Each structure stands twice: as structure tokens, then as C-alpha cells.
Amino acid sequence: MSQVLRHRARVAALTRSRAHDDPELITERQSLKAARLAEHIKREVATWPALTDADRAELARLLLRGS
């Protein structure tokens, strides 16, 4: 089962019995967003030509910095 499906199922289960501001539900929703982003990145990167070391370093810097 993909991470997206696992997190989506967990969010669905938690929303049945938890308040919208429940910390565990909030955490699981964030995990779902991260899993969806990871899947999107994997699909996108698969279409790119090979990156140089400088390209990789710049992309890593942007991701680690958060902007």
C-alpha cells in the first residue's frame, strides 16, 4: 500500500471519531500532505534530464531552507 493511501485511510478513520483540532488528526493530515508531495516530486523528477551536482546542491539547499 502506498504511503498516500495509508495516510488517507488513517485520516478517514480519525475524522469519524475525533474533533477537527485533535493533535493526532492534525499530525496525520500533515503526513498525508507530505506523502502526496513526495509522490508528486517522484513523478516530476522522473521526467527530468540528469542533474549536475550543482543543480542537486541548489535544490537540496532550497528544500532544507524551506523557501
Side-chain angles (χ1 to χ4, degrees):
M1 175 183 271
S2 78
Q3 290 296 310
V4 171
L5 292 177
R6 186 178 70 78
H7 289 296
R8 192 170 63 191
R10 181 85 174 121
V11 167
L14 288 171
T15 56
R16 287 188 211 111
S17 61
R18 307 283 178 103
H20 72 283
D21 59 350
D22 178 81
E24 189 175 358
L25 177 56
I26 291 169
T27 299
E28 197 60 42
R29 282 185 172 143
Q30 185 60 37
S31 295
L32 174 58
K33 287 179 185 180
R36 284 180 173 157
L37 178 58
E39 289 297 318
H40 174 75
I41 290 169
K42 287 177 192 176
R43 283 191 307 271
E44 185 62 30
V45 170
T47 68
W48 295 354
L51 298 174
T52 65
D53 289 341
D55 292 334
R56 283 189 197 92
E58 176 64 11
L59 291 170
R61 186 188 65 75
L62 291 170
L63 289 170
L64 291 172
R65 196 174 88 185
S67 60

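In this chain, residues are counted from 1 in sequence order. The model shown is predicted, which means the values in this text are computed figures rather than measured ones. Only this structure's heavy atoms are used, side chains among them; waters, hydrogens and symmetry mates stay out.
- The two residues Val4 and Glu39 make their nearest non-hydrogen contact at CG2-CG, 3.6 Å.
- Remark: Leu59 CG to Trp48 CH2 distance equals 5.5 Å, nearest 0.5 Å.
- Leu62 and Leu51 sit in two unconnected hydrophobic clusters of ILVMFWY residues. Membership requires side-chain heavy atoms under 4.5 Å apart, directly or through other members.
- Not counting sequence neighbours, the partners of Arg56 by the salt bridge (charged side-chain N to carboxylate O under 4.0 Å, His left out) test are Asp53.
- In the hydrophobic cluster analysis, where Ile, Leu, Val, Met, Phe, Trp and Tyr join through side-chain heavy atoms closer than 4.5 angstrom, Leu63 is grouped apart from Leu37.
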Quick one: side chains of residues 25-33, donor-acceptor pairs under 3.5 Å with protein atoms, not counting sequence neighbours, listed by atom name and distance.
unit_1	atom_1	unit_2	atom_2	d
Thr27	OG1	Pro23	O	2.9
Glu28	OE2	His7	ND1	2.4
Ser31	OG	Thr27	O	3.1

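- When all heavy atoms are compared, the tightest approach of Leu5 to Arg8 is CD2-NH2, 2.9 Å.
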